[in-house]
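Every heavy atom of this structure was used, including side-chain atoms; hydrogens, water molecules and symmetry mates were not. Please read all numbers here as calculations on a predicted model, not as lab measurements. Convention: sequence-line order gives letters A, B, ...; per-chain numbering from 1.
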2 protein chains.
Amino acid sequence: MLKLTKKADYGLIAMRHLTTVYPRSASAKDISDHYGLPAPVLAKILQTLVRGGFLASEHGANGGYRLSRGPEQITAFDIVRSIDGPIFLTACFTEDGDCEHHKKCSIRDPLRRIHEGIIGLLNKMTMAELASDADPASSLLPIGLISSPNLTILNRQ
Amino acid sequence: MLKLTKKADYGLIAMRHLTTVYPRSASAKDISDHYGLPAPVLAKILQTLVRGGFLASEHGANGGYRLSRGPEQITAFDIVRSIDGPIFLTACFTEDGDCEHHKKCSIRDPLRRIHEGIIGLLNKMTMAELASDADPASSLLPIGLISSPNLTILNRQ
DNA sequence: TTAATGTAGGACTGATTCGGTCTGATTTGA
DNA sequence: TCAAATCAGACCGAATCAGTCCTACATTAA
């Protein structure tokens, strides 16, 4: 759990590609061929991102998609939320904000802090950063999180 | 997407409850009644946490579950991973580490940094912190168990 | 004008997972 | 012994995910 859908993955890959060719455009087929992604799925994702305002579409022959803003003005959070919908750490965080256990559960507030932290991480990752292989990663992580030795990425059991 | 399952939620609620009564125990029924959680589901979750080594079970009448370690030695990450399984931000982060697009996708490394950050956030939230947020039940805590005021997760210096 | 290219969008399917129910076995204390 | 409680597994309906198929619309090039 706690992972992105494949659609969000595909969306990020496509956005990264479009960032590298920015401000030019690329067709859905170009991208799906290049990365071996299923073309119809990718097409839908790109349409979603158009509706979200992050891409502009160009119809007709030699058409395609291009970023509607600069790569540094679009974040990973934008893309993920646009494709996967709102991000909630727990079911408590609905729009209505009403959770049937709300009165008693009281884990809501601590989790909200984690929740905001996750969104913050995604929000700091711009397309420009995603597309740059250079890696001043330190700027991304809150101080104190980097050096912890038990932060193994692959938590195999 | 990108949210915890209800089981993880229930597990955290139960762990928080058991933290407030620590080092005493509580039965699954006590907890499910108190928070209105489905009892059989909660029972399974607690069994999982026993296998994970975070709870000890006491059979028979007046039995129940209690924390097997101090509340500051169990983190939200422990509980979530134990219940929901390994946490991967993207499908790329499997145990094998092989992703069919691996050669070309190149969003792997930036996402890995976000992934590490998320795990770091969860790892810094101990049960003691989870239970310490203002709540009437906190008065049940033995003196000295409420952790230090240095509880902010984000931007901790 | 016509054909090719490409986007837009809905309907549908198969697989997987999630949340939850049900049933029964085992262990312990009164 | 009996009741309370944990332990353990099978099972099911609903939801979601990933992907395919089909059709319609828009633009450009020949």
Nearest-Å distance, [atom1] ([X]) to [atom2] ([N])?
| X | N | atom1 | atom2 | answer |
| --- | --- | --- | --- | --- |
| A:L37 | D:dT20 | CG | P | 11 Å |
| B:H59 | C:dA25 | NE2 | P | 17 Å |
| B:Q47 | C:dT27 | CD | P | 14 Å |
| A:L55 | C:dG6 | CG | C1' | 15 Å |
| B:D33 | D:dA4 | CG | C1' | 14 Å |
| A:D84 | D:dT16 | CG | P | 13 Å |

Taking the side chain as C-beta and beyond, is there a heavy-atom pair between [X] and [Y] under 4.5 Å?
| X | Y | result |
| --- | --- | --- |
| B:S27 | B:Y65 | no |
| B:I31 | B:L42 | yes |
| B:V41 | B:K6 | no |

Would you tell me if any nitrogen or oxygen in the side chain of [X] comes within less than 4.0 Å of OP1 or OP2 on [N]?
| X | N | result |
| --- | --- | --- |
| A:S57 | C:dA8 | yes |
| A:Y10 | D:dG19 | yes |
| A:R51 | C:dG9 | yes |
| A:Y65 | C:dG6 | no |

Report task. May I ask you to decide whether B:R113 forms a salt bridge with A:E129, counting only side-chain N to carboxylate O separations under 4.0 Å? Result ->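 A salt bridge is present here (some side-chain N lies under 4.0 Å from a carboxylate O).
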Requested in this report: With heavy atoms under 4.0 Å as the rule, sort A:A43 into base, sugar-phosphate or nothing.
Outcome: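 No contact at all - A:A43 keeps every heavy atom at 4.0 Å or more from the nucleic acid.
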Query raised in the report: Hey, does A:P40 reach any base, or is it just sugar-phosphate, or nothing, if we go heavy atoms under 4.0 Å?
Result: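 Result for A:P40 = base.
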**Report entry** 5' precedence on DNA chain D between A:K44 and A:E58 (nearest-nucleotide basis)
**Finding:**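 Per heavy-atom nearest nucleotide, the more 5' residue is A:K44.
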Report summary line: When A:P38 and A:N62 are each assigned the nearest nucleotide of DNA chain D, the 5'-most assignment goes to A:P38
